[in-house]
Protein chains: 2
Amino acid sequence: MGDKRIPQIPLPTLKRLPVYYQYLTRQARKGVTDISCASIAKAMGLVAVQVRKDLQLTGAVGRPKTGYRLKELLEALERTLGYDNKTEMFLVGVGSLGKALLHYRRFGDYNIGIAAAFDVSEDVIGTEIDGKPVLPFRKFPSLCRRLHVKFGIICVPAEAAQEVANIMVSSGIEAIWNFAPITLELPDMVIVHNENLTASLSILLKKYKTQHTGSERE
Amino acid sequence: MGDKRIPQIPLPTLKRLPVYYQYLTRQARKGVTDISCASIAKAMGLVAVQVRKDLQLTGAVGRPKTGYRLKELLEALERTLGYDNKTEMFLVGVGSLGKALLHYRRFGDYNIGIAAAFDVSEDVIGTEIDGKPVLPFRKFPSLCRRLHVKFGIICVPAEAAQEVANIMVSSGIEAIWNFAPITLELPDMVIVHNENLTASLSILLKKYKTQHTGSERE
DNA sequence: TAGATTGTTAATCGATTAACAATC
DNA sequence: TAGATTGTTAATCGATTAACAATC
């Protein structure tokens, strides 16, 4: 009652796990079969203890002297991150960013797919992007319910984002990847993850300025 | 000596500041002139003390009872985040993501611009995207030095990213926004900010799965 | 003056790091 | 056995939150 479900995995760890996964798949492709925390940490610019603690949360077990079986480790990460089940998403807003995401092939490696895209502009409706149909947005609710899609991607301008989000949620969407630079107001059960490119770029900018002007005062 | 320059602003705060800024510019456009931490916090899903502490780091001062002058607050944020000086960037890799970034107009609001784009493919070289020329990558070093560009954006495939980064750095680039899903190995003075879309999507996926299967065990 | 809100110091919380034991 | 590496408990560090004083 009033259960604010706390994720077992702390957010900082959760942010690192997919990056480990990406690195480890690359190592696996190179033929590596066993790997130690120290070598993962080195490649990632972290310390070994942190990697070990993080991996512990996936349930993976390593062996003294040789480290982790890479295959087991990848499986543990796949289970933890949910790559072991297919995830279908609907994307709304086929502007340049929406198109870029529709073209992005890498999601498939994680068992994630964009099933269809939606827009209100006649210019894009009816087209196909990388094999995915672009449909009129008014068809979103019925299709969403019919196909039981739970994940939505918002790539519309900021002004339209809240309205699109509302329609998504009333259509059964339970998790939203939001590229519009606004804070969506939605029921608590809906999971929102914001991707704010400008905000992210600002961080780089500030880090640079800090380093290059940081010593004039103190 | 051995000065590992510590940023005055803690990273969690630095991540929130641009989001405040975006919200505040929208409020300013609506005609709001004074604003309290409480109202900012509410719109952002945070608590007022946190907002106040964050804003303190920008040097902005508020007044009891009425809060902050919105105009002053925006100026303080602009100074803190470096929006008050023009920043020019070079982008490498004109695939779908690179194109999306070239089309993205919002950067201009922050005094950030992409001066030119580079690629090795004849298909895109010589074209213009949103007024920005796409040039052969071999011209990167000379142009970069000539124009004193310090910011680079990497939108090439993972396999090519390290090499592109190396060339960037040897051409005078000092800060890199990296969209390739690998950890770049570069000199310490170079600032790297990774934008890992797949990793980010994984976080949403995991949060969803945690909430929707989290109660079966405990 | 009373009330709202900022500014600031102290307490809490959680993640990272250090230290060390266990084990192949 | 010696050495490398995992696993785990304790110490540290830093950010968030709470409490309260200052002020318009």
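A note on names: the letters A, B, ... follow the listed sequences, proteins ahead of strands, and every chain is numbered from 1.
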Ionic contact status for A/Glu75 with A/Lys71, cut-off 4.0 Å: yes
A/Ala60 backbone acceptor or donor facing A/Glu72 side chain under 3.5 Å: no
Reading DNA chain D 5' to 3', what string of ( ), [ ], | and . shows its pairs, if Watson-Crick and G-U wobble pairs count only when both distances fall under 3.5 Å? ..||||||||||||||||||||||
For atom NZ of A/Lys30, decide whether the heavy atoms of other residues, nucleotides or ligands shown that lie under 6.0 angstrom number more than 12. no
Near DNA chain D, counting only heavy atoms under 4.0 Å, which residues of residues 24-31 of chain B show up? none
Nearest-angstrom distance from the residue atom NZ of A/Lys15 to C1' of C/dT16: 15 Å
Residues 154-171 of chain B vs salt bridge (Lys or Arg N to Asp or Glu O under 4.0 Å), sequence neighbours excluded, gives none
Compare every heavy atom of A/Asn111 with every heavy atom of A/Tyr83, then report the nearest pair and how far apart it is. O-ND2, 2.9 Å
How many whole angstroms separate atom CG of B/Asp34 from atom P of C/dA4? 17 Å
Does D/dT17 have its OP1 or OP2 closer than 4.0 Å to a side-chain nitrogen or oxygen of B/Gln50? yes
Whole-Å gap separating C1' (C/dT6) and CG (B/Asp54): 15 Å
Close side-chain approach of A/Asn194 to A/Asn178, heavy-atom, < 4.5 Å: yes
Answer yes or no: is there a donor N or O on one side and an acceptor on the other, between the side chain of B/Asn196 and the main chain of B/Pro181, under 3.5 Å? no
Does A/Lys132 use its side chain to pair, donor to acceptor, with the backbone of A/Leu102 at less than 3.5 Å? yes
When you measure from the side chain of A/Pro10, which nucleotide among D/dA15, C/dA15, D/dT6 comes out closest? C/dA15
Between B/Glu72 (CD) and C/dT6 (C1'), how many Å, whole number? 14 Å
Gap between atoms CG and P, on B/Leu55 and C/dG7 respectively (whole Å): 9 Å
Sort and list the pairs that fulfil salt bridge (Lys or Arg N to Asp or Glu O under 4.0 Å) and have at least one residue in residues 54-67 of chain A, not counting sequence neighbours. A/Arg16-A/Asp54, A/Asp34-A/Arg63
Using the side-chain contact (heavy atoms from CB on, under 4.5 Å) criterion, which residues pair with B/Asp119? Sequence neighbours excluded. B/Val94, B/Ser121, B/Val124, B/Val134
Decide if atom CZ of A/Arg26 counts as having more than 12 heavy atoms of other residues, nucleotides or ligands within a radius under 6.0 Å. yes
Could you tell me the separation between the CG atom of A/Leu17 and the P atom of C/dA15, rounded to a whole number of Å? 13 Å
Report the distance from atom NZ of B/Lys53 to atom P of D/dA18, rounded to the nearest whole Å. 13 Å
Rounded to the nearest angstrom, tell me the gap between atom CG in B/Leu57 and atom P in C/dT8. 12 Å
Side-chain contact check for A/Arg16: nearest option of C/dT16, D/dT6, C/dG7 is C/dT16
Can you build the contact string for nucleotides 19-24 of chain C? Use B for base contact, S for sugar-phosphate-only contact, and - for no protein heavy atom under 4.0 Å. ----BB
